[in-house]
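Reading through the structure tokens given below for one structure.
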Number of protein chains: 2
Amino acid sequence: MKSDSISKPLPLSEKLRRGNLLAADCPSREVLKHMTSRWGVLVLLALETGTFRFAALRRAVGGVSERMLAQTLRQLEQDGLVLRVAHDVVPPHVEYSLTALGREAATQVRHLADWIEVNLPRIQENWRASGN
Amino acid sequence: MKSDSISKPLPLSEKLRRGNLLAADCPSREVLKHMTSRWGVLVLLALETGTFRFAALRRAVGGVSERMLAQTLRQLEQDGLVLRVAHDVVPPHVEYSLTALGREAATQVRHLADWIEVNLPRIQENWRASGN
DNA sequence: CTCCATACTTACATATTTGTGCGTACTTAC
DNA sequence: GTAAGTACGCACAAATATGTAAGTATGGAG
């Protein structure tokens with residue numbers, strides 16, 4: 001009785017589709033961490049609406065600190081989702097936007113976000129039902 | 001010059017679609033936190049493939065500790081995404097599965113996960129390009 | 001001449017998350 | 001009789017995430 005419904009020999013196609021995110025050492029988990037981090041999601045959503053300068057982005061994403069915004073942007077940049085363009089002028093001027101890859105990623109994240117916002121009422125019913 | 005590209009008066013339809021996840025006090029952020037938490041994502045993915053008992057689920061999701069799995073399941077249950085059925089027998093027997101709401105949520109999460117797994121190579125190129 | 005704005009970085013403090021090990025109340029296998 | 005499996009809850013410790021305040025180089029406003 002050790003074969004739980006996950007360990008049956010999946011066909012190759014399935015193996016590819018599902019990858020191995022469920023495996024502890026899958027490198028995808030790192031990307032998942034960046035994209036689903038507290039601020040990663042919000043930054044992706046914000047940048048989907050256009051190009052922003054650092055301070056403007058900070059104002060757009062309610063609640064981020066400078067430190068966290070900078071760190072989040074660095075991660076997403078390293079993953080190739082965010083493009084950073086620095087104009088070498090005296091008062092610094094840097095612009096952030098999504099790369100093609102980033103736009104794809106943002107699309108997925110937005111679908112998730114949309115689902116949550118649309119279904120929030122249904123979820124809140126459960127909150128009340130289980131005594132907050 | 002305070003109107004950054006986010007604050008232009010959106011039409012009502014847009015306002016509803018986008019909600020206010022970008023606002024610091026939006027209640028959706030709580031749900032987002034549960035669903036995109038380190039183990040929340042993985043549990044949703046695992047449960048999408050069937051019903052599991054606690055220990056089996058723990059084996060399916062590589063790397064979770066008992067404590068975290070229990071906590072994650074409790075959150076998702078309160079949000080109404082996970083159904084917990086406890087059979088009152090002597091060696092405890094509890095079964096976890098997704099509710100209708102949970103299946104919808106899991107679908108979104110899976111799309112995100114699939115995208116990541118499929119595009120991991122493209123992302124890894126950027127890792128190399130930016131020194132690690 | 002002083003203050004603000006820009007886009008960050010760094011040091012330090014705190015908050016939140018996560019893990020570890022133990023306990024439970026029994027049953028089945030050895 | 002002893003060990004293992006079940007589904008957790010709890011206390012404590014360690015790890016990680018996040019916030020705060022200050023600093024940088026420079027130009028423009030007042």
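Everything numeric in this text was worked out from a predicted model, so none of it was measured. Each chain gets a letter, A, B and so on, in the order the sequences are listed, and its residues count up from 1.
If you check every strand for non-hydrogen atoms under 4.0 Å, B:R84 touches sugar and phosphate atoms only. Counting any heavy atom pair closer than 4.0 Å across all strands shown, A:R74 reaches sugar-phosphate atoms only and no base atom.
The side chain of B:F54 approaches D:dC8 more closely than any other nucleotide in the set D:dC8, C:dC8, C:dT27. The side chain of A:W39 sits closest to D:dG19 out of C:dT18, D:dG9, D:dG19.
Under the 3.5 Å distance criterion, with hydrogens and angles disregarded, a donor-acceptor pair is assigned to the side chains of B:E104 and A:W115.
Nucleotide C:dC30 forms a pair with D:dG1, judged by Watson-Crick or G-U wobble geometry with both contacts under 3.5 Å.
Between A:E95 atom CD and C:dA7 atom P the separation is 9 Å, expressed in whole Å. As rounded to whole Å, 9 Å separates atom P of C:dT17 from atom NE2 of B:H34. We find that NE2 of A:H93 is positioned 18 Å from C1' of D:dA25, with the value rounded to whole Å. Put simply, CE on A:M68 is 14 Å from P on C:dT16, counting in whole angstrom units. Between the P atom of D:dT18 and the NZ atom of A:K33 lies a distance of 11 Å, rounded to the nearest Å. Remark: P of C:dT18 and CG of B:L73 are 14 Å apart, rounded to the nearest angstrom. To the nearest angstrom, P of D:dT20 lies 11 Å from CD of A:E66. A:F52 has its CZ atom 15 Å from the P atom of C:dT6, to the nearest Å.
Residue B:V94 is the one, among B:V94 and A:Q71, whose nearest nucleotide of DNA chain D lies closer to the 5' end (criterion: closest heavy atom). Looking at which nucleotide of DNA chain C each of A:P92 and A:R67 is closest to, the 5′-most match is held by A:P92.
Dashed line: the shortest gap from a side-chain N or O of B:R38 to OP1 or OP2 of C:dT16 is not under 4.0 Å.
When A:L45, A:L44, A:V43 are each tested for a side chain to side chain contact (heavy atoms under 4.5 Å, CB included) with A:V41, only one passes: A:L45.
Between B:R128 and B:E125 there is no salt bridge, since no side-chain N of the basic residue sits under 4.0 Å from a carboxylate O of the acidic one. Using a 4.0 Å cut-off between charged nitrogen and carboxylate oxygen, B:R110 and B:E117 do not count as a salt-bridge pair.
Checking side-chain atoms of A:R84 against main-chain N and O of A:L73 turns up no donor-acceptor pair under 3.5 Å.
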